[in-house]
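Following: one structure in structure tokens, then a few remarks.
Lettering of chains follows the sequences in order, A, B, ..., and the numbering in each one begins at 1. Here the structure is a predicted model, which means the values were calculated and not measured.
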Amino acid sequence: MWVMNDTKNKIIEIAKRRGFYWKAYEIYGGLGGFYDYGPLGAQLKENILKIWKEQFIIHDGLLTLDSPNLGPEVLYVASGHTDKFTDYMVKCEKCGHVFRADELLKGVVNEVEKLDENGIWKAIRDNGIRCPDCGGPLTPPERFHLMFSTKVGMDKVAFLRPETAQGIFVNFPILYRLNREKLPLGVAQVGKGFRNEISPRQGLLRLREFNMAEIELFVDPLENFPLGEMNEVILPLLTNTGEELHISAKESVAKGIVESHMAYYMGKVILFLKSLGIDMQRVRFRQHYPEELAHYSRDTWDCEILLSMGWVEVIGISNRGDYDLRRHMSYSGRDLTALRRFENPKKIKIKKLRPKMEILGPIFKRDAKKIAEIVENMSYTDGDIYVEINDQKVKVPRDAYEIVVEEETVGGERFIPHVIEPSFGIDRILYAILEHAYYERSDSGYKVLKLKPKIAPVKVAVFPLMSKEGLDEKAEDIMRVLRKRGISAYYDESGSIGRRYARADEVGVPFCVTVDYRTLEDSTVTIRDRDTAQQKRIKIENLPETVESLCREEIGFEEL
RNA sequence: GCGGGUGUAGUCUAGUGGUCAGGACGGGGGCUUCCCAAGCCUCUGACCCGGGUUCGAAUCCCGGUACCCGCACCA
């Protein structure tokens, strides 16, 4: 374990020294759970997100949404977060241990979740509950809010979003229309989330402000999702019954282990992580135990990556059912349903009431028209009808209407879509990439980040073998040409050539170009591959193109 | 939030109640016979913050803050 922990410390050291990330606000002593991304880290994050957007948004034609970080109180009341995100904590006065009050009262009091602060305190005293560790007396409960709150304007309570998802749910009707009223409808949002963690730890792994990329896939629960290209992707599964399986996505659905939409995304996640350079031997999907599920979730599979501190959740795929839309419907009063179209529109015969005006008229005079309207819209009935009009109940006799049978065509039925939510912790993924990319060369012990060219923050370093006799100017020219092609490049003439290679390796620069004396004779340069330290010589005029295809991973270095 | 530990240049670290806080690596400049962190010269730069004890505190004490480990928490 200490060996593994060592890796973590080395990553932290490089991250700070070379500019990937570091604790925020350090000159004021720092602030727990907040980090700055430095030049390399910010670029790395951007590259990760670019690939994410390509694979999840563009490839699948999802809609993108960019909604605010702050939301009104009612939004989070409806979502269930104000309830579920507030814990009442009690502390032992003797040994100082802190407990969740609801945990202590479970089994002692019915409907613990309905108790407020006073109710909890009363229940603790009435039942003589004491510290489970040492038997000491407990303090009154204290609220601990896991959402950051603030005021909008003078006094309107608002919360910073703990997930980007709610912004998508409340926009379902618009998005549904923009998708031409078709399901499945996938909406993606990349942005920040905020959670006031009790104790943020482990650097980038537990942040109070973090980067997330979320998809809400609205589906018809009656429809099975075709897995397409994901059919044969092998999923490493750990079920909540403790079963470990390596089976294809297709099989996982066929065996009833994974719901089809979720299986599709699990396949995509595997391909995504592979393209980021994550070691597939250290990836698994772990199914949540029923008691572990979030308040909105019916089933959750966490994608976990093995890091030096153990298995770490980086992506969660949840089946949120119709929880969110149902809640927002009831709190907002808006219709958030979708239409399930029948393959063949159904003809339905319905019995309706048709008022007979010749009878209603004489009885009700002026009110006859209004009463007729009411009767017309009533569901089928027989016998005398009582109708309320002008605050009075009046009797419509049976002979004042007749029963007719009408045929209607029904095109479909309305239902609340279910939501499948793959949610990506970008900061955790970024950290996992660094750990999996890190190694020390066996011969020299030098540190290397074997970042894939696609995500490497810097693609090329250009060196003059010596900074004289025009080699330096030539090298700087080459760097400028590369930059103009949109390739992130830097120039380095400081120190020996070996040191410059080492410096580049440590931050994962995949390719180094060196201008030497032969360059002046035949306009060729050497290009060096980080992972093998091998060099090839190519013409300067071909360099930008070559580097471009290398960085797009269209060709490998060995093919040069 | 609790218990334990830690906090010295960009990084890793030495150190003691009392001269100028030492080293290594890094970084800048220069020299060099220059393709994998070579060498030499030179420069750069630190005692987490606040209070207390003391003639004197980076060192001891208290508080804060941050990190690490454990507990708890982690929708």
- Query: Is the distance from OP1 or OP2 of B:G26 to the nearest side-chain N or O of A:Arg499 less than 4.0 Å?
  - Reply: yes
- Note on the structure: Which of B:C69, B:U11, B:A37 is nearest the side chain of A:Lys16? It is B:U11
- Query: Considering only heavy atoms from C-beta outward, does the side chain of A:Tyr265 approach that of A:Phe56 to under 4.5 Å?
  - Reply: yes
- Checking only heavy atoms, does the side chain of A:Arg528 share a donor-acceptor pair with the base of B:C36 at less than 3.5 Å? yes
- Is there a donor and acceptor pair closer than 3.5 Å between the side chain of A:Tyr446 and the base of B:C36? no
- Query: Closest nucleotide of RNA chain B for A:Ser496 versus for A:Arg503: which of these residues is on the 5' side?
  - Reply: A:Arg503
- Message: Need one value for A:Ala294: base, sugar-phosphate or nothing, where a base atom within 4.0 Å counts as base even if backbone is also close, heavy atoms only.
- Response: sugar-phosphate
- Query: What nucleic acid atoms does A:Gly203 come within less than 4.0 Å of, heavy atoms only: base, sugar-phosphate, or nothing?
  - Reply: sugar-phosphate
- Query: Should A:Ser494 be listed as having a side-chain N or O under 4.0 Å from OP1 or OP2 of B:G28?
  - Reply: yes
- Query: Closer to the 5' end of RNA chain B via nearest nucleotide, is it A:Gly498 or A:Arg206?
  - Reply: A:Gly498
- Does NZ or CZ of A:Arg286 fall inside the cone over A:Trp311's six-membered ring, less than 6.0 Å from its centre and within 45° of the axis? no
- Message: For B:C20, give the paired nucleotide (Watson-Crick: N1-N3 plus N6-O4 or O6-N4; G-U: N1-O2 and O6-N3; both under 3.5 Å), or none.
- Response: none
- Query: Can you find an N or O donor on one side and an acceptor on the other, under 3.5 Å apart, linking the side chain of A:Gln535 with the base of B:C35?
  - Reply: yes
- Query: How would you label the contact of A:Asp505 with the nucleic acid (heavy atoms, under 4.0 Å): base, sugar-phosphate, or nothing?
  - Reply: nothing
